[in-house]
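Note that the structure is predicted; figures quoted are calculated from it, not measured. Letters A, B, ... mirror the listed sequences (proteins, then strands); counts begin at 1.
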Amino acid sequence: MNNLIVNLVLGDIASLLKIKGANNYKIRAYENAIAKIKNLDVDIKDLVDKGELTEISGIGKSLANTIQEIIFTGSCEEYDNLIKEYPPSIIPLLKVSGIGPSKVKLLYNKLNIEDLEDLKRKAELGQLTQISGIGAKTEGKILSSVNKLLDETDKLDLGEASLLSNKLKTYLDKFKDVHRIKVIGSLRRKEEIINKISLIIECRDFQVISKNIKILPIISEILEENNQKLILNSKLGVKIELIRASSSDFWNKVFWLTGTEEYNKKLKSVFSIRQGDLENKFESEKNIFNKLNIPYIIPELRSDLEILDRAREDSLPLSIKNEDIKGDLHIHSNWSDGRYTIEEMARACQNRGYEYLSICDHTHSLTIANGLDVDRLKRQWEEIDKLNEELNIRILKGAEVDILNDSLDYGDNILESLDVVIASIHSGFGDSQEDMMKRIMIALNNPYVDILGHPTGRLVLGRASYNINFEKLVHKAVETNTILEINSAPKRLDLNSHNVKLAHKLGANFIINTDAHKMKQLDNMKFGVGVARKGWLEKEDVINTLSLSDLKDFLTK
DNA sequence: GCCGTTTTCGGCCCGACTGTTTTCAGTCG
């Protein structure tokens, strides 16, 4: 929890420094430290106590002092000075597409715009064009972006919400009073956007737990409180709900508070559940399904009304499981914009029990990501060959080749010699549907492209899909035997479960990849598997459940 | 602000696009 608080404050400092126009490298130093802290497996307070903070590369004397101050006082001098110049409420303006730090500064200085609501009002009045550099077109773009952001302020993506919920659970587990805790609601259903983290808690004294959680620095306000329930608002925007259970009704509550209201309603009617059917004490949730004579429905599907008809017919999908995954085919290394070496990523995959991985670094047009030209790519192959002799996991040679305007970033002669070719779009997001589809067709029609990477380009709580005709895309993918990627990065989850379900009906093949740029991100695989489960996929529908030899056969077909 | 070192300060991913200020700063990936 300390790590989270430190990062909240450091993040605000970095944002305010940007607005102020401070040295870019100073800002980057803050951002770098934030990334390091995010990756820490230990409580940062332990490092402070031991005086080991500066042993983290990227944290020097100055940042170490700042972090120490934050831990002991909740704030720090640097932050307090900055908010004398600019109110922290302007920080969210940085997220508005079309305006960057310098425009935020101008909007504040010239128009006294202090927050998103204010920006919205003044954009609607057409006042933003008073700022040099903002014309009518930009103003329109700003307004639509602000509206979207205002709608999203109290929400987190699945990855961030999971992280926070795990921290809360760990914190609560330390109390002797606590008997057991279970995540329920949208988080248990693995919805892509979470606005409330709900936990069922069985404990001896609920008041003690309430008292202790209310005082956490992450909490911003108390929304509801009684002896059965506590609902709080957090500084991350997302709500936190604790629901009390007893040893006798624990699983009942888990059962009824996992699915959506509509789902529960239909469940009751389809299976004629009556009041009193569940008065016993149950030892597990599966026991409840048994008692009601309902086949077990996985949490991921408990918002899907259609699945209840399948349950009635006893023809539920045999949903894919995490342990079915045998490898990850979309992994970056420090040859392009990944953080770690191929060897480190490969060993990390080995530790996760995989049979294989494929290194798919960016290609040379993506200069910001240090994309590989053919020369470097060939040198990368030498390294992979060497590692394959040393390691007990198979590293496949791949590339995440950029789909350019009218071609792919490597020629066919190169694509042909790669084990795995993922084609992805990283530019021209605003193209018309006609242009975008033309580009995607070039990729799908290329005989050496195996996988279409993050096929719709959407970012959860960030960016809409490219302008595409999804059904047409899927038909072509089926025709050309191109695999559709389920990208597991919680900020992408692309395809989403709705598209997976649709593409599955149209006969597509899928692969679940992490797109990991760091070792830790390999653990995102579970989020992609969650999407697949929500989209009714079974093991057979997903290519990276194949053994290495079957996978190779599939890819060379 | 951090790092590494020629120990006292210079280097620290880039390049395309966009709208607008008609020549480029700001934004974005």
Side-chain angles (χ1 to χ4, degrees), chain A residues 6 9-11 13-37 53-70 76-79 81-82 93-107 110 128-145 332-339 361-373 376 400 402-405 409 424-432 435 453-454 457-459 462-464 466 489 491-492 494 515 517:
Chain A
V6 168
V9 181
L10 293 184
I13 294 176
S15 297
L16 291 167
L17 285 172
K18 275 185 200 166
I19 294 166
K20 191 178 169 179
N23 180 300
N24 267 327
Y25 295 108
K26 179 175 173 175
I27 296 163
R28 197 179 293 168
Y30 274 87
E31 289 176 335
N32 187 25
I34 290 166
K36 284 279 163 67
I37 293 167
L53 257 189
T54 50
E55 281 173 28
I56 301 172
S57 129
I59 296 183
K61 230 176 176 176
S62 166
L63 268 165
N65 282 334
T66 304
I67 290 168
Q68 191 167 341
E69 244 189 299
I70 298 169
C76 63
E77 202 184 340
E78 172 99 37
Y79 178 75
N81 286 336
L82 280 165
L93 267 64
L94 287 172
K95 288 193 191 146
V96 178
S97 72
I99 61 180
S102 67
K103 288 282 193 297
V104 173
K105 187 177 181 177
L106 280 173
L107 290 165
K110 299 248 157 97
L128 304 191
T129 51
Q130 293 169 28
I131 303 288
S132 77
I134 298 181
K137 204 165 175 178
T138 305
E139 189 172 57
K141 202 171 142 193
I142 289 172
L143 188 57
S144 71
S145 172
H332 294 273
S333 75
N334 62 355
W335 280 79
S336 67
D337 60 348
R339 184 73 67 84
D361 272 314
H362 291 289
T363 56
H364 59 110
S365 284
L366 210 62
T367 46
I368 191 178
N370 192 22
L372 277 65
D373 58 24
R376 288 178 63 221
E400 185 183 15
D402 248 65
I403 303 173
L404 307 175
N405 279 339
D409 208 11
S424 305
I425 284 178
H426 294 109
S427 61
F429 301 112
D431 278 4
S432 67
D435 287 345
H454 41 78
R458 73 86 174 254
L459 295 179
R463 183 176 70 205
Y466 320 128
K491 290 213 157 26
R492 288 196 182 272
D494 181 12
D515 199 356
H517 288 67

Regarding A:Glu78, tell me which of base, sugar-phosphate or nothing describes its non-hydrogen contacts under 4.0 Å with the strands shown.
sugar-phosphate
Every protein N/O lying under 3.5 Å from an N/O of nucleotides 5-8 of chain B:
none

Please give, in whole Å, the distance from B:dT27 P to A:Ile134 CD1?
9 Å
Side chain to side chain contact (heavy atoms under 4.5 Å, CB included) between A:Leu63 and A:Leu10, worked out:
CA-CA 9 Å; A:Leu63 268 165; A:Leu10 293 184; 4.2 Å; yes
Within the 4.0 Å heavy-atom criterion, would you say A:Gly98 contacts the bases, only the backbone, or no part of the nucleic acid?
sugar-phosphate
Separation of A:Asn334 atom CG from B:dC13 atom P, in whole Å?
14 Å
Checking all strands, does A:Ile99 fall into the base, sugar-phosphate, or nothing category for heavy-atom contacts under 4.0 angstrom?
sugar-phosphate
Look at all strands and tell whether A:Ser427 reaches a base, only sugar-phosphate, or nothing, counting heavy atoms closer than 4.0 Å.
nothing
Integer angstrom distance from the P of B:dT18 to that of B:dG10
38 Å
OP1 or OP2 of B:dG26 less than 4.0 angstrom from a side-chain nitrogen or oxygen of A:Ser102, does that happen here?
yes
Heavy-atom donor-acceptor pair, A:Asp402 side chain to A:His362 backbone, under 3.5 Å
no
Quickly work out the A:Lys36 NZ to B:dG1 P distance and round it to whole Å.
17 Å
Pick the nucleotide of DNA chain B nearest each of A:Thr129 and A:Asn23; which residue has the one closer to the 5' end?
A:Asn23
Nearest-Å distance, CG (A:Asp409) to P (B:dA16)?
13 Å
For a quick check of understanding: with a heavy-atom distance under 4.0 Å over all strands, which category does A:Leu366 fall into, base, sugar-phosphate or nothing?
nothing
Testing B:dC28, B:dC14, B:dC2 for proximity to the side chain of A:Thr367, the answer is B:dC14
B:dC2 C1' sits how many Å from A:Asn65 CG, rounded?
14 Å
Interatomic distance at C1', B:dT6 relative to B:dG1, whole Å:
22 Å
Report the nucleotide, chosen from B:dG29, B:dC3, B:dC28, that has the shortest atom-to-atom distance to any side-chain atom of A:Ser97.
B:dC28
Could you check how far CG of A:Asn24 sits from P of B:dG26, rounded to whole Å?
12 Å
Tell me what A:Ala22 touches on the nucleic acid: a base, only sugar-phosphate, or nothing, going by heavy atoms under 4.0 Å.
nothing
Any idea which of B:dC2, B:dG26, B:dC13 is nearest the A:Arg28 side chain?
B:dC13
Sorted by chain and residue number, the salt bridge (charged side-chain N to carboxylate O under 4.0 Å, His left out) partners of A:Lys110 (sequence neighbours excluded) come out as none
Pairwise C1' distance for B:dC2 and B:dT20, with rounding to whole Å:
38 Å
Under the rule for side chain to side chain contact (heavy atoms under 4.5 Å, CB included), what residues qualify as partners of A:Leu459, not counting sequence neighbours?
A:Arg463, A:Arg492
Tell me the partner of B:dT8, counting only Watson-Crick (N1-N3 plus N6-O4 or O6-N4) or G-U wobble (N1-O2 and O6-N3) with both under 3.5 Å; none if nothing fits.
none
Roughly how far apart, to the nearest Å, are B:dT22 and B:dG26 at atom P?
15 Å
When rounded to whole Å, the CG to C1' distance for the pair A:Asn370 and B:dG29 reads 15 Å
Say you pick atom C1' in B:dT5 and the same atom in B:dG11; how far apart are they, in whole Å?
12 Å
Expected output: side-chain A:Glu400 to main-chain A:Ser424 donor-acceptor under 3.5 Å:
no
Mind checking the C1' distance from B:dT8 to B:dC3? Whole angstroms is fine.
13 Å
Quick one: does A:Tyr466's side chain have a donor or acceptor within less than 3.5 Å of a partner on A:Ile425's backbone?
yes
Determine whether a donor-acceptor pair (N or O, by modelled atom type, separation under 3.5 Å) exists between the side chain of A:Asp373 and the backbone of A:His364.
no
Spacing between A:Tyr25 atom OH and B:dC12 atom C1', to the nearest angstrom:
5 Å
A:Ile99 and side chain to side chain contact (heavy atoms under 4.5 Å, CB included): which partner among A:Leu107, A:Leu106, A:Leu94?
A:Leu107
I'd like to know if the side chain of A:Ser145 reaches the main chain of A:Ser97, judged simply by a donor and an acceptor atom lying under 3.5 Å from each other, with no hydrogens or angles considered.
yes
Would you please confirm or rule out a distance under 4.0 Å between OP1 or OP2 of B:dG19 and any side-chain N or O of A:Lys137?
yes
So, is A:Thr138 near the phosphate of B:dT20, with a side-chain N or O under 4.0 Å from OP1 or OP2?
yes
